[in-house]
Amino acid sequence: MDGEILIIGAAIVDVLARPVGADVFKTGSLPVDEICMSTGGDALNEATVLARLGKRVRLATVIGKDMAGRMLAEHCAAEGITLEEGCFCDDIDTGINIVLVEDGGERSFLTNPYGSLRRLSLSHIKMPFSPGTKILCFASIFVSPEIDTDGLCQIFKTAKEQGITVCADMTKCKNKETAEDLAPALAYVDYLFANADEAALITGMRHPEESAACLMRAGAANVIVKCGGDGCVVRSAEDSFAVPAVPGVRCIDTTGAGDSFAAGFLSALSEGRTLKDCAEYANRCGALAVASAGATEWSKA
């Protein structure tokens, strides 16, 4: 299956500070151990990790013609990530997220709802897809409000008609969407990723195993539920199993951990590995991500 991987989703700039607590709002000024600026966004994080793992990657996204946009373009060029044509827009500001990381690694975000993070639409996605594409991953269902279930259906159906393996990750649903609401799009998805909270919210189920079963009934062929320090739960038509987390990991920053997990899974999938092997490698990539600050710093050579 090894070939080009197309990632669709957000590309932004992250400004990260750690450790930060509520005291900053009382003192007005707070010294921290680290303040850094890096590339971010679900799709760019996945693409960056995949490129560093030696994969051929294309990125379909939307960014502004501004300083932050130029930074992202330079990053992609340096990492060997091919940007799809038409991703630059005059009337959109490139998204910049402020990421406040607590002592335990948990994050809070300040985001611009009018920036590029929420502005991806079907007009930015070139279909049909490049003939060399073997895997397509929609990096985060619910991040792009302009791409609804009908839009997802169009993307996924086009990919399936071209013989492309379809993958999708998600974030928390924004408008009480359910698994049934997504069912028309999930019918085209070969591998669906969600963390335990996201899966519970959209399925109404309490346990990851139950959420995975519900998402399969909604149409996804394989469901992988990320459970943080507990590893992940995997369900397919043939099997259902849990893969434990990598032991002994000290969590510093969870930023981008789910994206690194997904990238690891996609990398292994592109090499034709088994479902269990893909999940184990995804766990390892996620563990490396949380053990360092920043979304993709761990993957630098």
Side-chain angles (χ1 to χ4, degrees), residues 5 7 9 42 45-46 49-50 53 104-107 135 137-142 165-173 179 182 186 189-292 295-296 298-299:
I5 301 173
I7 308 295
D42 43 44
N45 289 342
E46 288 183 21
V49 172
L50 282 164
L53 292 174
E106 292 304 310
R107 303 156 296 157
I135 297 174
C137 185
F138 193 88
S140 208
I141 295 171
F142 302 127
T165 299
V166 174
C167 305
D169 203 342
M170 68 170 64
T171 187
K172 289 182 179 179
C173 58
L182 276 185
L186 294 183
V189 175
D190 296 296
Y191 298 89
L192 178 68
F193 312 110
N195 72 31
D197 290 340
E198 295 158 357
L201 197 60
I202 196 172
T203 64
M205 300 296 175
R206 180 176 297 181
H207 301 293
E209 294 84 357
E210 295 172 334
S211 294
C214 180
L215 289 166
M216 272 201 68
R217 289 193 297 272
N222 300 274
V223 178
I224 301 90
V225 180
K226 300 169 280 186
C227 303
D230 293 324
C232 64
V233 168
V234 181
R235 191 175 183 97
S236 69
E238 296 79 26
D239 207 353
S240 177
F241 55 88
V243 179
V246 176
V249 176
R250 178 172 175 260
C251 180
I252 293 176
D253 175 21
T254 58
T255 304
D259 303 330
S260 289
F261 178 101
F265 192 101
L266 296 173
S267 176
L269 183 66
S270 75
E271 297 167 4
R273 299 196 206 178
T274 67
L275 185 58
K276 187 173 183 180
D277 286 344
C278 289
E280 289 176 343
Y281 188 61
N283 272 354
R284 289 200 292 274
C285 291
L288 289 167
V290 302
S292 62
T296 62
W298 70 271
S299 60

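Index from 1, following the sequence.
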Calculate, to the nearest 0.5 Å, the distance between atoms CG and OG1 belonging to L269 and T274 respectively.
10.5 Å
Taking the side chain as every heavy atom from C-beta outward, state whether V49 and W298 have any atom pair closer than 4.5 Å.
yes
Please examine the side chains of L201 and E198, heavy atoms only from C-beta on, and report whether any two atoms are closer than 4.5 Å.
no
Can you list every side chain to side chain donor-acceptor pair (under 3.5 Å) pair that touches residues 206-215, not counting sequence neighbours?
T203-S211
Heavy-atom check, side chain of F261 versus side chain of N283, under 4.5 Å
yes
Pairs involving residues 244-267, ordered by first then second residue, that meet salt bridge (Lys or Arg N to Asp or Glu O under 4.0 Å) (sequence neighbours left out):
none
List the atom of S270, the atom of I5, and the distance in Å for their closest heavy-atom pair.
CB-CD1, 4.1 Å
As an exercise, state the distance from SG of C278 to CG of L266, rounded to the nearest 0.5 Å.
8.5 Å
Might you point out which heavy atoms bring A289 and S260 nearest each other, and give the distance in Å?
CB-OG, 3.6 Å
Kindly give the heavy-atom pair with the smallest separation between L50 and A263, and that separation in Å.
CD2-O, 3.3 Å
On a heavy-atom basis, the closest approach of M170 and F142 is SD-CE1, 4.3 Å
Can you name the side-chain contact (heavy atoms from CB on, under 4.5 Å) partners of S140, sequence neighbours left out?
D42, V143, T171
If every non-hydrogen atom of A257 is compared with every non-hydrogen atom of V290, which pair is closest and at what distance?
CB-CG1, 3.5 Å
To the nearest 0.5 angstrom, please state how far the CG atom of L186 sits from the CD1 atom of I141.
6.0 Å
Taking all heavy atoms of N45 and all of G256, pick out the closest pair and write down the distance.
ND2-CA, 4.2 Å
Please list, chain by chain and in numerical order, all residues satisfying salt bridge (Lys or Arg N to Asp or Glu O under 4.0 Å) with R273, sequence neighbours excluded.
E271
Quick one: does N222's side chain have a donor or acceptor within less than 3.5 Å of a partner on D190's backbone?
yes
L288 side, atom CG; S299 side, atom OG - distance, nearest 0.5 Å:
9.5 Å
Which side-chain N or O atoms in residues 227-243 pair as donor and acceptor under 3.5 Å with protein atoms at least two apart or in another chain?
residue : atom : partner : partner atom : Å
S236    : OG   : E238    : N            : 3.3
S236    : OG   : D239    : N            : 3.1
S236    : OG   : D239    : O            : 3.4

Can you tell me how far the CG atom of L215 sits from the CD1 atom of I202, to the nearest 0.5 Å?
6.5 Å
For F265, the ring pair (Phe, Tyr, Trp, His ring centres under 6.0 Å) test, sequence neighbours excluded, returns Y191, F193
